[in-house]
Amino acid sequence: MDSLVAEIIKWVLEHLDYWVVTLFMAIESSFIPVPSEAIVPPAAWMAMTSDKMNIILVVIFATIGADLGALINYYLAKFLGRPIIYSFANSRFGHMCLINEEKVKHAEEYFREHGSASTFFGRLIPAVRQLISIPAGLAGMRLDKFILYTTLGAGIWNSVLAILGYLIYKYTDLKSTNDVYDIASKYSHEIGYVILGVAAAAILFLIYKGTRRK
């Protein structure tokens, strides 16, 4: 499985365009382990080095792809139900997709603790991002709220990755998308946790201001 993923990543890095960004961000956002660091930062870097792509459109198409992948998980969970989802998580194919019962349970617990907003915050957490749509589907979360929170969370995450690609272009002399992927993989998780902390602090501040007014 690792060698297959490596070959897929190699192909993605060699064929980046808007269609590839959208398709593989949809795959990454579902349950197939293709890292977003192999897609958005190299595409953003490429947008800065040539006129093939635009960095803003990279974020937009990446977010559209993330929404499509999240909807796949949402509807599979909603219509198949918990027993089949957990059977898949415990299956050999599920393990090949890096899913197991413990990860699904963790995503469900996170959803129960944080409610609908977890589909926003969950998109910023590496261990939860791809799976948070499953408990949303199992719980029958309203589709409009699901799409809104998913789009906001995915948009922020993809913007972080695109900025990382831009910074790599501006402050390094890397010459290939593969080199960009390597350095993006090294730092994207740390940056994601910082963004999550800032978002949480901002929301707590707004809640505090609202309670003070009351």
Side-chain angles (χ1 to χ4, degrees), residues 1-70 72-73 92-100 103 122-133 150-151 153-196:
M1 185 66 176
D2 289 341
S3 61
L4 175 59
V5 172
E7 286 299 314
I8 291 173
I9 291 174
K10 180 182 177 182
W11 186 91
V12 168
L13 293 172
E14 292 174 352
H15 296 85
L16 279 170
D17 59 22
Y18 295 130
W19 290 107
V20 170
V21 168
T22 304
L23 173 62
F24 280 90
M25 283 303 293
I27 292 172
E28 185 270 345
S29 190
S30 61
F31 50 81
I32 301 174
V34 177
S36 54
E37 293 85 353
I39 306 165
V40 181
W45 175 84
M46 184 181 292
M48 303 307 301
T49 59
S50 72
D51 58 359
K52 183 180 179 181
M53 289 188 288
N54 175 279
I55 193 168
I56 295 175
L57 290 178
V58 167
V59 173
I60 291 172
F61 280 102
T63 303
I64 291 171
D67 282 348
L68 292 173
I72 291 172
N73 279 2
R92 183 178 178 183
F93 184 68
H95 293 163
M96 288 174 63
C97 293
L98 303 183
I99 296 176
N100 57 42
K103 289 182 178 179
R123 302 300 305 187
L124 305 176
I125 301 176
V128 177
R129 187 167 61 248
Q130 288 89 345
L131 298 179
I132 194 61
S133 306
T150 298
T151 301
I156 291 174
W157 177 248
N158 291 328
S159 297
V160 169
L161 293 181
I163 291 170
L164 184 56
Y166 167 77
L167 293 175
I168 291 171
Y169 160 78
K170 189 169 179 64
Y171 295 107
T172 73
D173 57 355
L174 299 183
K175 303 298 183 184
S176 74
T177 52
N178 190 72
D179 292 335
V180 175
Y181 163 55
D182 288 339
I183 194 169
S185 298
K186 186 176 181 180
Y187 294 109
S188 63
H189 287 180
E190 288 81 357
I191 294 173
Y193 283 120
V194 171
I195 294 296
L196 178 63

Test item: Ile183 and Asp179 side chains (from C-beta on) under 4.5 Å apart, heavy atoms: no
I'd like to check Trp157 versus Val40 (side-chain heavy atoms, cut-off strictly below 4.5 Å). Are they in contact? no
Donor-acceptor under 3.5 Å (Ser29 side chain, Ala26 main chain): no
Of all heavy-atom pairs linking Ser159 and Val59, the shortest is OG-CG1, 3.6 Å
With the side chain counted from C-beta on, respond yes when Val20 and Asp17 share a heavy-atom pair under 4.5 Å apart, and no when they do not. yes
Exceeds 12 heavy-atom contacts within 6.0 angstrom, atom CH2 of Trp11: yes
Donor-acceptor contact present, side-chain Thr177 to main-chain Leu13, <3.5 Å: yes
Can you find a side-chain donor-acceptor pair between Thr151 and Asp67 that sits under 3.5 Å? yes
Just wondering, more than 12 heavy atoms not from Ile56 lying within 6.0 Å of its CD1? no
Looking at CG of Asp182 and CD1 of Ile168, how far apart are the two atoms once the value is rounded to the nearest 0.5 Å? 9.5 Å
Between Gly155 and Thr63, what is the shortest heavy-atom contact and its length? CA-OG1, 3.5 Å
Enter the distance from Leu164:CG to Glu37:CD here, rounded to the nearest 0.5 Å. 9.0 Å
Non-hydrogen atoms of Glu28 and Pro35 that approach each other most closely: CG-C, 4.0 Å
Using a 4.5 Å cut-off on heavy atoms from C-beta on, say whether the side chain of Asn54 contacts that of Tyr18. yes
Nearest heavy-atom pair of Leu16 and Ala43: which atoms, and what distance? CD1-N, 3.7 Å
Roughly how far, to the nearest 0.5 Å, is CD1 of Ile163 from CD1 of Ile55? 8.0 Å
Using 0.5 Å steps for rounding, measure from the OG1 atom of Thr150 to the CG atom of Leu68. 11.5 Å
Rounded at 0.5 Å granularity, tell me how far CH2 in Trp19 sits from CZ in Phe24. 14.0 Å
Which pair of non-hydrogen atoms, one from Ile39 and one from Met25, has the smallest distance, and what is that distance? CD1-SD, 3.7 Å
To the closest 0.5 Å, what do you measure between NE2 (His15) and NZ (Lys10)? 10.5 Å
Ignoring hydrogens, what is the shortest heavy-atom contact between Gly165 and Ala44? Give both atom names and the distance. CA-CB, 4.3 Å
